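Following: one structure in structure tokens, then a few remarks.
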Amino acid sequence: MFLLAAGLSIIFGLMNVLNLAHGSFYMVGAYIAYSVVVATKSFWLALVVAPVLLAVVGAALELVFFRRVYGRGHLAQVLLTFGFTLVFVDLIRSQFGPTTRSIPPPSGLEGAVQVLGATFSAYSLFVLAVATVVGALLLVGWRSLRVGAVLRAGVEDKEMAGLLGINLPRVFTLTFAFGAGLAGLAGVIAAPEFAIYPGMDANVLILALVVVVLGGLGSIEGALLGAALVGLGYVIGTSLFPQFAIGLIFALMAAVLVVRPSGLLGRRM
Amino acid sequence: MIRGRFRAAWRPGLLAILTLALASVPMWAPRFWIYIATQALIFAIFAMSLDFLLGYAGLPSFGHAAFYGVGAYACALLALRQVDGLIPLLVVGAAAGALIAAPIGALSLRTTGIYFLMLTLAFGQMLWGLAVNWTSLTRGTDGLIGIPRPTLAGLDALNISLYERGPFFFLCLVVAILTFLLLEMLARSPFGKTLEGIRDNERRMRALGYPSFRYRLAAFVIAGSIAGIAGSLAAMSNGYATPDLLYWTVSGLALVAVVVGGARSLIGPVLGAFAVLFGQLGLSTYVPRWELILGTLFIAFVLFVPRGLVGLVRRA
Amino acid sequence: MADEIQGYLDRKLVENLDRREFLQMGLTVAGAAAFVACGGSPTSGPSGPTGPEFKLGVVLPYSGVYAELGNSITNGMRMYFDSVGNQAGNRKITMITADEQVQLADAVAATKKVVEQDGVDMVAGYVSSPNAAGNRNYLDGQKIPTLVANAGVNSLSRAAKSPFIYRTSFSNWQPAHPVGTYVAEKLGKKRIQLVYAKYGAGLESVASFKETFTAAGGTIVGPDVATPFPNNGDQTPFVQAIQIDKIDGIYSFMSGTDAVTFLKKAYELGTLTRLALVSGAGFFVEQDVLAAITDAAPAGAITGLHWALTLPNKENQDFISKYSKKFSGRQADVFAVQGFDTARVIVEALNGVKGNTDNKDAFMKAIAGVSFKSPRGDFKFDANTNNVVQTIYIRKTVKDPKLGWTNQVIDQYPGVADPGK
């Protein structure tokens, strides 16, 4: 969940593009994982292939389409990316059929483990571990590496960054590709945990949006915090009102936004 | 703020053509298309209310379907309890919409821009969850079905039944025209101008002594009540009210209609509503891979028709 | 040569089915395929029908979460129509499909489209219960002969029954009812927890189970595990809400994607293997679910349904092999059987009235009188409910060396009829 939200946050927050097709990237990632696992039986290969492929797709889409709608406001972007979600879901369905698919967790991560008296599936813990590692890497990269600095500069003040000789269009393409790749990674990671089917994109998109907004736009720390809160909220929500755990999450978001109109760690837009 | 005076001749002309074209629909269109056109008209009323919010007040609501759905449920619940009469039921829809919009608006308006969008989405989804889970009132996902259509005193004397598709279409047309006139009047009034001022520069307007929050809240409640009217028309037209009506995709579709048609024009959303509904209902019942086609259309639209359908007309 | 053509046409057909382009293709190619296949059997003689075309509106989901069910039902219908040369009562049968999608608004538009634009003589379809119930008043008011081919909502056989609407699939009450008796009496398991997706079908199914189960001395151990429908989130908390230590087993109603994610998670956590009994309505472990989860399947699960892949009767074995041949190796499923039987009811009723559907009462009477041996066993309608009367099979989930994961029939309750009046 965090991976997805981080990707979305990067695209959305940093580039100021509201990308509804982000869920589609996630879905495509899961389907790539399915194809790779069926063909080669290797989950680990899928873990490499899917993000790379999606980063390429993301870059291509950015170059051909999204580039043209920067500065046209969020609504044009909503319409454009909504169009893409329809196209993606149709392509996936015509390619793979409407059946629900699933892949088993990679060997070594099957079964359950006892942690502090509670039972978890081994794979769930693996997901948690991956999310933590990627989160930490992003945080470090964001704070200390040159790429992060360039990106932050681009976000804070486009003109100034341009004057400093930073090739902004290229940075944007790369950022978008990176975000799409993260969504693809999230799709692969999610594939053994959930079912794979056309329509899985829409379900996860809203949740990812909530995470991003809850944490505050354009903030990796915010996305981390948001994901943790949403995850926690979901667990608590499930035990309180099993039917409508997601309601609690929305209530949480509403409460946060009412008190802090820019999200927990967001900057004012 | 003098743009209004220069809005030139294209507008009344387009309006007249649109009204005449619509009014003639029941005379030539096959029954099925009258049905689709009725749905589109109701959706157009809904989209106009959103345009008022989005185009004039600058408030992109992503939870507007909540008021639409609440209006539909209010109308359905009363109609199922033998409450008859067109006007009362429409008023109830409007009141329900306004009643829900007031607190949601009061809370959501603390934010702006994308946060406002998400906050309205959150409230919309919470109401949707309520509709799904409050089974004793709403019958959950099965929805309320078998809602009778109301009668209108004068029409009975003329032996016209709203169960007929033609008369019901005209009813929706009349409501749509009244909605248009009302919103147009509001938009041109000092109230509307103030809203636009607040949209463009809130700080200045506040400095000038306008209570911007109250203006925006008023706009939000007005839009909510009109969405409620559209919702109660939808309940009468379809004979059912289901939680689907409140789902975020409906809000999304309305936003799409406004953007496709061209925001801040009130005519645009009408054109957009027709385009989107014909695209979705029409296409999906005729063409197998409608999602691909509709998606491609949207993409092409954003790239090549940036100002919406109204922009096309204006240029022509 | 003929085989090659047949093979090509079948491949073509399936490709098109997958892309849902068959809608436009109409029945000409399919008809030709059947003609080649039958090679001059009496039903597809060169003369062809001379009466007016019989248009059948097929309202089924071809997009959205239920698309797979829509495709299976359509395949089943097409298979039966092809087998009789796409004609009955001297009328050529044409299927006109419209996408039911998921939401009622779309299903209503699809229904109105086939009725008003295409002027169909009859409507068949409806996967989702709210969609069937939501179109009921319109179909009833317009007096359109209708066959419901999946939606199981009980009310269609009870309060919302219509003289124009018959159901060929099941009422939610049916598959669950014998399971309660079987679990309590024959298996002697008396402490059961209910696990279900909380929506119409789930609630009706567990209510029906509870009826016979408690009547036979069983106790429902609370609290129920009710998952949201559809559950797009993590199933872990729901799986963990099963009170392993306090119960003999569970009765479950879930289907499709929900069943897949639930069973996978339960397998990873090792929950179900620690129970003496996993029981449920057959959809919980139907072939679509088993194909997706493979070895995460709950071996030994006891479920009730009106069909099983392994039913040994000749009609079923015949159906399964022909289905698989016709649709390039696809395994038949319960939905395909429902489609197949729906088409058969239409053909037999048309033959019964010699193609005259103008007298609707007579046509509906002919439909009500149809009975035959279906792949699922004896098929007939109940005059009280307009619902199918059928055998409910008690099945056990096993891994078959040839078929892979499937359900073996271990007992049966013939002639189960919905209790509607």
Side-chain angles (χ1 to χ4, degrees), chain A residues 1 34 86 89-91 93-105 109-114 118-125 127 190-207 230-231 233-247 249, chain C residues 15 17-21 61-72 102 197-199 223-241 244 255-271 287-289 291-296 330 333:
Chain A
M1 191 67 234
Y34 172 77
L86 289 174
V89 84
D90 188 282
L91 290 179
R93 192 185 299 115
S94 68
Q95 198 56 40
F96 292 90
T99 330
T100 301
R101 319 255 172 187
S102 90
I103 54 175
L109 292 171
E110 297 133 334
V113 258
Q114 299 278 333
T119 315
F120 297 96
S121 70
Y123 191 77
S124 300
L125 294 180
V127 174
E193 181 82 348
F194 298 108
I196 308 168
Y197 55 99
M200 63 189 287
D201 53 337
N203 298 327
V204 76
L205 175 70
I206 285 284
L207 224 48
V230 165
Y234 198 82
V235 171
I236 297 171
T238 316
S239 58
L240 288 181
F241 346 82
Q243 295 333 304
F244 196 47
I246 198 158
I249 292 171
Chain C
E15 276 166 25
L17 272 170
D18 281 335
R19 289 178 194 161
R20 292 184 287 130
E21 273 164 9
Y62 300 105
S63 62
V65 288
Y66 298 122
E68 180 71 3
L69 278 62
N71 282 346
S72 282
V102 181
K198 195 179 172 193
Y199 71 114
D224 293 356
V225 179
T227 69
F229 171 79
N231 185 10
N232 304 317
D234 188 6
Q235 297 273 26
T236 305
F238 299 104
V239 174
Q240 289 180 334
I244 306 170
S255 62
T257 307
D258 284 347
V260 169
T261 52
F262 189 89
L263 285 170
K264 271 189 71 170
K265 193 47 86 182
Y267 175 76
E268 282 174 31
L269 296 172
T271 309
Q287 299 300 141
D288 57 328
V289 177
I293 60 176
T294 58
D295 284 347
R330 280 188 193 211
D333 55 24

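This one's a predicted model, so the numbers in the text were calculated from it and none came from an experiment. So that the names make sense, note that chain A is the first sequence line, chain B the second, and so on, each numbered from 1.
For the pair C/Glu268 and A/Pro192, the tightest heavy-atom approach, listed with the atom from each and the gap, is OE2-O, 4.1 Å. Minimum interatomic distance between C/Lys264 and A/Phe194 (heavy atoms only, all atoms of both residues): NZ-O, 4.1 Å. Listed here is the closest heavy atom pair of A/Thr100 and C/Ala292: O-CB, 3.5 Å.
In this view, C/Glu68 satisfies the salt bridge (Lys or Arg N to Asp or Glu O under 4.0 Å) rule with no residue, not counting sequence neighbours.
With contacts defined as side-chain heavy-atom distances shorter than 4.5 Å, the pair C/Asn71/A/Pro98 qualifies.
Among the candidates C/Val239, C/Val260, C/Thr294, C/Leu269, the residue making the largest number of heavy-atom pairs closer than 4.5 Å to chain A is C/Leu269.
Between C/Ile293 atom CD1 and A/Ile103 atom CD1 the span is 15.0 Å, to the nearest 0.5 Å. Here the CD1-OG1 distance, from A/Ile196 to C/Thr261, works out to 12.0 Å after rounding to the nearest 0.5 Å.
C/Gln235 does not touch chain A: none of its heavy atoms, backbone or side chain, sits under 4.5 Å away. Residue contact with chain A, scored on non-hydrogen atoms closer than 4.5 Å, is absent for C/Asp295.
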